Amino acid sequence: MPRLLDAEELTRQLAELPGVARGRWGSLVLAAQAPTFADAVRLVALVADEAEQMDHHPDVDLRWRTVSFTFSTHSAGGVTQYDVELAHRALAAAKAVGAQTLPPPERLEVALDVVDPGAVRPFWKAVLGYREHVAPGDAGAGAELHDPRSQTALWFQRMDPARAGRGRFHLDVYVPADACRARVDAALAAGGRLVSDAHAPSWWVLADAEGNEACVCST
């Protein structure tokens with residue numbers, strides 16, 4: 001099985017991959033905008049050829065001229081040297097078609113407050129059709145459920161103290177660090193209120209006029 005790269009190795013190698021970012025759930029992400037739709041398709045084809053040669057395949061999302069690649073070694077549960085190598089080849093392919101790298105796509109996480117994550121996770125896994133992901137070294141208490149088709153996830157926040165009633169769901173919206181303040185200001189201008197900025201600039205807790213909460217989080 002390929003060896004997972006540790007945080008220090010990954011940081012060092014990312015310095016040589018401009019435009020490639022750490023994704024959530026043990027992955028690397030590259031987003032690029034091609035000059036035309038045909039160029040975007042050609043970019044996908046070039047990366048597909050490289051992936052076939054390596055027998056190592058990324059997740060691909062194509063939306064008009066924008067292509068997003070997610071590199072992860074599923075058998076190892078995270079990023080390995082295979083992902084770094086394929087990311088290098090994808091960057092070269094992007095350059096070949098004249099594509100410009102973009103910030104990684106935003107992702108959405110839904111958080112559910114629970115007493116016992118292990119008791120409710122199987123239900124949500126079944127009803128959503130999501131995959132379970134456990135971070136390396138995690139015994140499973142912090143396992144998340146991931147949509148295999150998008151950047152959406154459901155995670156379980158243990159309540160302390162436990163409480164009954166409604167309002168256990170909230171959304172975590174991840175945006176680039178330099179866009180967080182503008183997103184918070186826009187939400188406040190749209191009638192929201194600031195619940196807490198104690199953890200800013202990592203995240204802000206906001207609420208709508210009826211108290212439903214969302215967190216704006218920095219990638």
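Everything numeric here is computed off the predicted structure, so don't read it as measured data. All values below were derived from every heavy atom in this structure, side-chain atoms included, with hydrogens, water molecules and symmetry-related copies excluded.
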Picking from Gln157, His170, Arg158, what satisfies side-chain hydrogen bond (donor to acceptor under 3.5 Å, both in side chains) with Asp113? Gln157
Please check if any side-chain donor atom of His56 sits under 3.5 Å from a side-chain acceptor atom of Asp83, or the reverse. yes
Do Trp124 and Leu112 have side chains that approach each other closer than 4.5 Å (heavy atoms only, starting at C-beta)? yes
Quick check on the hydrophobic clustering: are Leu194 and Val216 connected, directly or via other members, by side-chain heavy-atom contacts under 4.5 Å? yes
Measuring from Leu17:CG to Arg22:CZ, what's the distance to the nearest 0.5 Å? 11.5 Å
Solution key, residues 85-102 side-chain donor-acceptor pairs under 3.5 Å, sequence neighbours excluded:
residue, atom, partner, partner atom, Å
Glu85, OE2, Arg89, NE, 2.9
Arg89, NH1, Glu50, OE1, 2.9

Check whether any side-chain heavy atom of Phe71 lies under 4.5 Å from a side-chain heavy atom of Val79, and answer yes or no. no
For His146 and Glu132, run side chain to side chain contact (heavy atoms under 4.5 Å, CB included): C-alpha distance rounded to whole Å, both residues' side-chain angles, the deciding distance at 0.1 Å, then the answer. CA-CA 6 Å; His146 300 167; Glu132 187 170 318; over 6 Å; no
Test of understanding: clusters of I, L, V, M, F, W, Y form through side-chain heavy atoms closer than 4.5 Å, transitively. Do Val29 and Leu46 belong to the same one? no
Give a yes-or-no answer on whether the side chains of Asp197 and His199 include a donor-acceptor pair shorter than 3.5 Å. no
Decide yes or no on side chain to side chain contact (heavy atoms under 4.5 Å, CB included) for Val84 and Leu5, but give the supporting numbers first. CA-CA 10 Å; Val84 173; Leu5 298 179; 3.6 Å; yes
Regarding Arg183 and Asp185, does a basic nitrogen lie under 4.0 Å from an acidic carboxylate oxygen? no
Looking at side-chain heavy atoms only, is the closest gap between Tyr130 and Thr152 below 4.5 Å? yes
Shortest non-hydrogen contact from Arg181 toward Trp204: NH1-NE1, 3.6 Å
Taking atom types as modelled and ignoring hydrogens, do the side chains of Ser27 and Ser72 form a donor-acceptor contact shorter than 3.5 angstrom? no
Can you pull out every salt bridge (charged side-chain N to carboxylate O under 4.0 Å, His left out) where at least one residue sits in residues 26-42? Sequence neighbours excluded, please. Asp39-Arg42
Taken to the nearest 0.5 Å, the spacing of Cys215 SG from Trp203 CH2 works out to 8.0 Å
Val60 vs Val47 side-chain heavy atoms within contact, under 4.5 Å: no
Counting only heavy atoms from other residues, nucleotides and ligands, does the tally under 6.0 Å from CD of Glu8 exceed 12? no
Which heavy atom in Pro103 sits nearest to a heavy atom in Ala31, and how many Å separate them? O-CB, 3.8 Å
Could you state the interatomic distance from CE (Met54) to CG (Asp49), rounded to the nearest 0.5 Å? 13.5 Å
Joint hydrophobic cluster, Leu30 plus Tyr82, side-chain heavy atoms closer than 4.5 Å: yes
Kindly work out whether a path of hydrophobic side-chain contacts (I/L/V/M/F/W/Y, heavy atoms less than 4.5 Å apart) joins Leu171 to Phe169. yes
Are Glu9 and Gln81 close enough that a side-chain donor and a side-chain acceptor fall under 3.5 Å? no
Are any of the side-chain nitrogens in Arg193 or Glu213 under 4.0 Å away from the carboxylate oxygens of its partner? no
Would you find a donor on one side and an acceptor on the other, under 3.5 Å apart, between the side chain of Arg65 and the backbone of Ala34? yes
Just wondering, do Ser218 and Cys180 contact through their side chains at under 4.5 Å, heavy atoms? yes
Apply side chain to side chain contact (heavy atoms under 4.5 Å, CB included) to Val67 and Phe69, showing your working. CA-CA 7 Å; Val67 186; Phe69 299 99; 3.4 Å; yes
State yes or no: do Phe156 and Met159 share one hydrophobic cluster built from I, L, V, M, F, W and Y residues joined by side-chain heavy-atom distances below 4.5 Å, directly or via other members? no
Are Pro2 and Thr73 close enough that some pair of their side-chain heavy atoms sits under 4.5 Å apart? yes
CG of Leu10 to CG of Leu28: how many Å apart, nearest 0.5 Å? 5.5 Å
Report yes if the side chains of Glu109 and Leu154 come closer than 4.5 Å at any heavy-atom pair, otherwise no. no
Does any non-hydrogen side-chain atom of Val20 lie less than 4.5 Å from one of Leu14? yes
